[in-house]
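In what follows, a structure is listed as structure tokens, so that the remarks can point back to it.
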Amino acid sequence: MLEALPPVNDARLAVRVTSDAQRQIRGGHPWVYDASITSLNHRGAPGDLAIVFDQKRKFAAIGLYDPDGPIALRIIHVGKPRPIDDHFWAEKVADAAQLRRPLMDVEPGGRPAYRLINGENDALPGFVVDRYADMLVVKVYSPVWFPHLRHLVESLIDETGAAAVVLRLARNVAAGDTFGLADGDVIAGVLAQNPVAFTEGGLSFEADVRAGQKTGHFLDQRANRMRVGELAAGCDVLDLFASTGGFTVHAAAGGATSVHSVDLSAPTLAATKRNLALNAHLPAVAACTTTSEVGDAFEVMSALARAGNTYDLVIIDPPSFAQKRSSVDGALRAYARLTHLALPLVRPGGTLVQASCSSRVSAEAFFSAVLDAADVAGDELIELARTGHDLDHPVTFPEGAYLKAGFWTVR
């Protein structure tokens with residue numbers, strides 16, 4: 001299936017960039033924008049290797065060239081010159097796998113799920129790999145990776161022994177030339193079943209790796225979901241933006257009395273029910289009353305408050321509200337409104353969990369929006385914890401930090 005992919009071009013591009021871009025590259029930033037390129041010896045194709053030279057014409061870095069996108073170079077190596085070959089890609093994969101090794105030991109049964117390669121933050125910009133049990137999902141966010149995909153898939157299989165590799169394509173990539181590949185294709189091995197079964201914190205889940213959101217499951221919230229499980233005993237829980245039920249299942253398994261799951265998508269709530277069923281043999285899950293509701297979280301919260309419903313634990317984990325810089329102010333207003341709507345639903349002494357996955361919204365701005373909304377409402381939030389990225393989602397440059405969550409007692 002990968003035979004139709006373009007070969008790696010033997011001709012290297014020679015690139016010079018602005019002084020500011022040089023400083024950014026040396027500081028570990030993985031992107032060079034088109035406007036920062038001052039000279040290019042010839043126009044290349046997506047994925048061509050570009051050698052970046054400094055003002056003294058000395059080697060500075062190697063990047064993958066994109067002639068059509070706003071990010072012209074994705075930096076894959078900085079420092080001394082070295083060949084970009086099978087050994088290079090194998091080292092990148094091995095380094096990423098070694099960092100995640102501890103996550104292999106915490107899941108019984110050998111069916112872990114975690115992010116194996118976190119794109120830019122593992123020096124592979126626009127290239128993400130998630131592992132579910134014995135298979136891998138590769139998500140490509142830029143066409144620069146097509147010429148190198150064969151080599152990377154081979155390295156991934158050699159490192160992990162994966163039985164299958166599924167390809168997922170970002171919308172911008174799927175809209176271009178994909179060389180006969182489609183989103184959800186199995187590009188190596190045999191996918192024995194889909195959805196794929198895996199465990200998280202000892203609990204069973206399934207992920208639709210071929211057509212589900214992202215790669216099938218939102219792996220970045222693993223630690224926060226497990227923390228919720230530790231807080232849920234004896235609680236009535238409201239899980240907003242529940243998606244496929246990660247927080248719901250952990251809360252139920254943690255001993256919650258009831259969990260009400262809310263999401264705008266009926267199919268994702270159906271997945272929540274299936275994930276609960278996978279754990280129905282656990283006494284705590286069997287004893288928990290679980291309900292679900294398809295609807296807009298803002299509207300549902302207002303309706304629940306009007307009906308006088310209250311909960312011991314309210315979880316708010318919305319999608320990104322700031323896809324572009326101009327949306328940041330609106331995103332902060334949305335976070336504040338969510339807090340404002342949630343507080344009347346939290347019983348005195350109960351817990352509010354609120355998260356943001358908007359990279360353009362800083363942690364400081366997000367937490368200020370939540371706390372200011374509580375002040376306006378006349379509620380006191382006693383901080384239990386602030387959390388960020390888990391081990392498998394390392395952050396190596398400012399824009400790579402997107403996830404933040406707060407746990408508060410409401411008084």
Write down the atom of Phe241, the atom of Ile316, and the distance for their closest heavy-atom approach.
CE1-CG2, 3.9 Å

Test of ring centre spacing under 6.0 Å for Tyr114 and His393
no

Do side-chain atoms of His250 reach the backbone of Glu230 as a donor and acceptor pair under 3.5 angstrom?
no

For residues Leu238 and Val262, determine if any side-chain heavy atom of one lies less than 4.5 Å from a side-chain heavy atom of the other.
yes

Residue pairs involving residues 11-44 (criterion ring-ring contact (aromatic ring centres under 6.0 Å, His included); sequence neighbours excluded):
His29-Trp31, His29-Phe397, Trp31-Phe397

Trp408 CH2 to Leu371 CG distance, which is reported to the nearest 0.5 Å:
6.0 Å

Nearest heavy atoms of Ser292 and Lys273, plus distance in Å
OG-CE, 3.4 Å

To the nearest 0.5 Å, how far apart are CZ in Arg210 and CG in Asp183?
9.5 Å

If you apply the rule side chain to side chain contact (heavy atoms under 4.5 Å, CB included), what do you find for Phe247 with Val237, and how did you get there?
CA-CA 10 Å; Phe247 281 108; Val237 179; over 6 Å; no

Can you list every ring-ring contact (aromatic ring centres under 6.0 Å, His included) pair that touches residues 322-363, not counting sequence neighbours?
Phe321-Tyr335, Tyr335-Phe366

I'd like to know if the side chain of Asp236 reaches the main chain of Asp312, judged simply by a donor and an acceptor atom lying under 3.5 Å from each other, with no hydrogens or angles considered.
no

Please examine the side chains of Asp20 and Ser36, heavy atoms only from C-beta on, and report whether any two atoms are closer than 4.5 Å.
no

When rounded to the nearest 0.5 angstrom, what distance separates CG in Leu181 from CZ in Phe146?
6.0 Å

Should Arg101 and Glu159 count as an ion pair when the cut-off is N to O under 4.0 Å?
yes

What closest approach, in Å, do Ala72 and Ile37 show between heavy atoms, and which atom pair accounts for it?
CB-CD1, 3.5 Å

Taking side chain as C-beta onward, heavy atoms only, is Val228 less than 4.5 Å from Phe407?
yes

Any side-chain to backbone donor/acceptor pair from Asn118 onto Pro394? Under 3.5 Å, distance only.
yes

Could you tell me whether the side chain of Asp185 and the main chain of Ala182 form a donor-acceptor pair under 3.5 Å?
yes

Closest heavy-atom pair, Asp390 versus Ala223, reported as atoms and distance to 0.1 Å, is OD2-CB, 3.7 Å

Going by heavy atoms in the side chains, are Leu156 and Ile117 under 4.5 Å from each other?
yes

Pair Val361-Leu332, side chain to side chain contact (heavy atoms under 4.5 Å, CB included): steps then yes or no
CA-CA 8 Å; Val361 174; Leu332 290 171; 3.6 Å; yes

Within the side chain of Arg168, is there an N or O that forms a donor-acceptor pair under 3.5 Å with the backbone of Lys139?
no

Would you find a donor on one side and an acceptor on the other, under 3.5 Å apart, between the side chain of Asp296 and the backbone of Glu299?
yes

Between Gln213 and Thr268, is any side-chain donor less than 3.5 angstrom from a side-chain acceptor?
no

Does the side chain to side chain contact (heavy atoms under 4.5 Å, CB included) test come out yes or no for Leu403 and Gln221, once each step is laid out?
CA-CA 9 Å; Leu403 183 64; Gln221 287 281 27; 3.7 Å; yes

Test item: side-chain donor near acceptor, Asp86 and His151, under 3.5 Å
yes

Are Pro125 and Ile76 close enough that some pair of their side-chain heavy atoms sits under 4.5 Å apart?
yes

Parallel, tilted or perpendicular for His77 and Phe59, by the 30°/60° rule?
tilted

Can you tell if the side chain of Leu304 reaches within under 4.5 Å of the side chain of Tyr311, non-hydrogen atoms only?
yes

Return yes if a side-chain donor-acceptor contact under 3.5 Å exists between Thr38 and Thr18, otherwise no.
no

Quick check for you: to the nearest 0.5 Å, what is the distance between Asn279 atom CG and Ser204 atom OG?
5.0 Å

With distance as the sole test, does Thr178 use its side chain to make a donor-acceptor pair with the main-chain N or O of Ala174 at under 3.5 Å?
no

Between Arg100 (side chain) and Leu116 (backbone), is there a donor-acceptor pair under 3.5 Å?
yes

Does the separation of the ring centres of His217 and Phe198 fall below 6.0 angstrom?
yes

Please name the residue in the list Thr272, Asp239, Thr248 that meets the side-chain hydrogen bond (donor to acceptor under 3.5 Å, both in side chains) test with Ser261.
Thr248

Would you mind reporting whether Val15 and Tyr65 have side-chain heavy atoms less than 4.5 Å apart?
no

Sidechain N-carboxylate O distance under 4.0 Å for Asp130, Lys214
no

Of the non-hydrogen atoms in His389 and Gly400, which two are nearest, and what is the gap between them?
CE1-O, 3.5 Å

My understanding is that only residues two or more places apart in sequence, or in another chain, count here; which of them pass salt bridge (Lys or Arg N to Asp or Glu O under 4.0 Å) with Asp392?
Arg222

Val353/Arg227 under side chain to side chain contact (heavy atoms under 4.5 Å, CB included): CA gap, chis, key distance, verdict:
CA-CA 10 Å; Val353 179; Arg227 185 185 288 266; over 6 Å; no

Judged by atom type as modelled, is there a donor-acceptor pair below 3.5 Å linking the side chain of Asp54 to the main-chain atoms of Lys56?
yes

Using modelled atom types and a 3.5 Å cut-off, is there a donor and acceptor pairing between side-chain atoms of Arg347 and backbone atoms of Pro344?
no

Assess whether a salt bridge exists between Arg43 and Asp68, defined as any Lys/Arg side-chain N lying under 4.0 Å from an Asp/Glu carboxylate O.
yes

Which pair of heavy atoms, one from Asp10 and one from Arg12, lies closest together, and at what distance?
O-NH1, 3.2 Å

Note, Val209 side chain near Asn194 side chain (heavy atom, < 4.5 Å):
yes

Between CG on residue Leu136 and CG on residue Leu191, distance to nearest 0.5 Å
11.0 Å

Spacing of Leu352 atom CG and Leu343 atom CG [to the nearest 0.5 Å]:
6.0 Å

If we check side-chain hydrogen bond (donor to acceptor under 3.5 Å, both in side chains) with Ser320, which of these qualifies: Ser327, Ser358, Ser359?
Ser358

